[in-house]
Visitor: 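Supplied in C-alpha cells, the structure appears directly below.
Below, each value reflects all heavy atoms present in this structure, side chains not excepted, and no hydrogens, waters or symmetry copies. Counting from 1, the numbers follow the sequence of the chain as shown. In listed order, ligands and their atoms are each counted from 1.
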Amino acid sequence: MEKTKELLYRPIIGMELHVELKTESKMFCSCKGDYFGREPNTEVCPVCLGLPGALPYPNSKAIEWCIMLGLALDCDINKESYFERKNYFYPDLPKGYQISQYKKPFCQGGKLILSTDKKIRINRVHQEEDTGKLTHAKDVTLIDFNRSGVPLVEIVTEPDFTSTEEIKEYAEKIQRIVRAIGVSDADMEKGTMRLEPTVNLEIREGEKLFFTPLVELKNINSFRFAKKAVEYEIKRQLEEFRKNRTVKTTGNKTTRGYDEDSDTTFPQREKEEANDYRYFPEPDIPIFYFSNEKIAGLKEKIPELPEERQKRLVEKYGLTTAQATFLGSSKEKASFFEKAVEEARKQLDALKALVTGSTKSNGESQMEIYRLVANWLINSKVDINIISPEQFVKENLERRKIQAFSKEELGALVKRVIDENQKAAGDYTNGKIEALGFLIGRVKGIEKNADAEAIKRTIIELLAEKNN
Ligand code: ZN
Ligand code: MN
C-alpha cells in the first residue's frame, strides 16, 4: 500500500482494451472493413445500418483471429460459444444493440506476464462489432456508419494492476502480440486500439477499509495519456475521499473522459450495470462449436511472439536481455542474427581468436561468439535488407582481425618496434606526444591489420613499465 499523510491506499486498476481487426470485410456483412479515409457512409449496407429485416452473417476470419488472440494470451477456448445482444441507446448504434458476447465468449481465463514476473489475469477475450463514428460539429452531430460493424475484439483483465507502469507495459505487450499475429494495426492514434482503464482505490484508515467508486476512463489515445489519466484519477479519488471521509457509492461504474489539454478527467455518462444492458442471446446467429482439432489448428497458425523470440535468443544463444530485446523485437532482425550466427559458426576458428578467454569450455566460448555477433549487429548501422548475413560476418571479421592478436603477440610486436626506435620512444617519454603517432605508424607498417587503439594502449603501457 502507498502511504500519504494519514491514509494508506492501494490503486486497483483493470483494463478493457479494444482492438479493431483488419479483415477484408466487416463482422456481419460483406462491406469493406477498411474504412480509413473513405467518404462517409459509402461502405454501408442494410446489415451494418441496422435496417429492419437485415440478417447478420458472421465473418469466420474475424472469429479465427479472435480465438488466435485468446490462445496467444493463454485463454481457454469455449467449445460452445454464442453471440448476445447488448442493448443500449446511442445514436452511433443503429440497431439499438451491439452484437457482442457475454455469458459464453470465445475465450476466457487467460494471463499475461509482465517483465517483473507479475501475472495479469485476463478475464475474457470476446468478439463484437464496432459502432459508427460521431463527429460533433457546431450545431449538429454527424454520423459516419463506415465503421459500424467492423470486427472488434475486447480483451478484459481482472483488476490486477497496482501501478501505471504496469498498465503501460501491459498495453504495449498486447500491441506487440496483436501486431505479431498480424490481425490489426493496433494503432492508438487511429483508434484501431483503444484503452479503457478502470480505477478505484482501496483505502485503509485505522481499522476501517474503504473502496472508492469504480471509474472507467475513456478518450485515451496514447500509452502516455493512459498513464497520465490513471495518475490523475488516483489523485482525484483520494482528494474526494479526503473531503468526505466516507465513500458514497451507487454501486455503479461511472465513466469519465480524459482531457489531454488540461490533463484531467471529466464525468461522462453513468455507466449501466450489466443487467441494464439486458443481454440476451442473438437469435439470428446460431451457436458455434469448436473441435479440439480446430483449436489446435489455430494455435499452430500463431507465429512466434516477440516475447517468446526474445526468450529463445537468451536461452539458445546466451544473449543478454538487452541484446535479446533488441534483436528479438522483429522477426527480420532475429532471423538475420540467426543466419549470421550460422555463418559465424563456419568461421569458428577465426572467431575463436576474437573472443577472450580461449581457455574456456567450448560451450562458453560459443556463447561468447554469439554475443559478439549480436554486438556487431546492434552497434553497426547496417541495413539488413541490403547486406547478406554472410557478407556481414565477413566484413566484421576483416575489420576486427587485429583483435585476433593475443595480447602477448601484440606486446611482442610493440616491444620490437620500441627497441628499434629508441629515440622516438625517448621523445615520447619526455613529453613529445607526436612521437606516439610515429611509433603506431611503425607497428602498422609491420602489421597493417593491427588496431591503432590497441597499439597505442600497448605502447603507453610498455613505456610506463620501462620507466618505472
Ligand atoms: Zn454492411
Ligand atoms: Mn466492448
Visitor: Rounded to the nearest 10°, what angle sits at the Zn ion (ligand 1) between SG of C29 and SG of C45?
Guide: 110°
Visitor: Is there an N/O/S atom in H126 that lies less than 2.8 Å from the Mn ion (ligand 2)?
Guide: no
Visitor: Just wondering, are more than 12 heavy atoms of other shown residues or ligands nearer than 6.0 Å to NZ in K168?
Guide: no
Visitor: Per the side-chain contact (heavy atoms from CB on, under 4.5 Å) rule, which among L217, T264, D263 passes with Y258?
Guide: D263
Visitor: Of all heavy-atom pairs between M367 and K316, which one has the smallest distance, and what is that distance?
Guide: CE-O, 4.1 Å
Visitor: For the atoms OE1 of E154 and OE2 of E128, give the angle they form at the Mn ion (ligand 2), rounded to 10 degrees.
Guide: 110°
Visitor: Should we count NZ of K227 as having more than 12 external heavy atoms under 6.0 Å?
Guide: yes
Visitor: Mind checking whether the Mn ion (ligand 2) has an N, O or S of E16 under 2.8 Å?
Guide: no
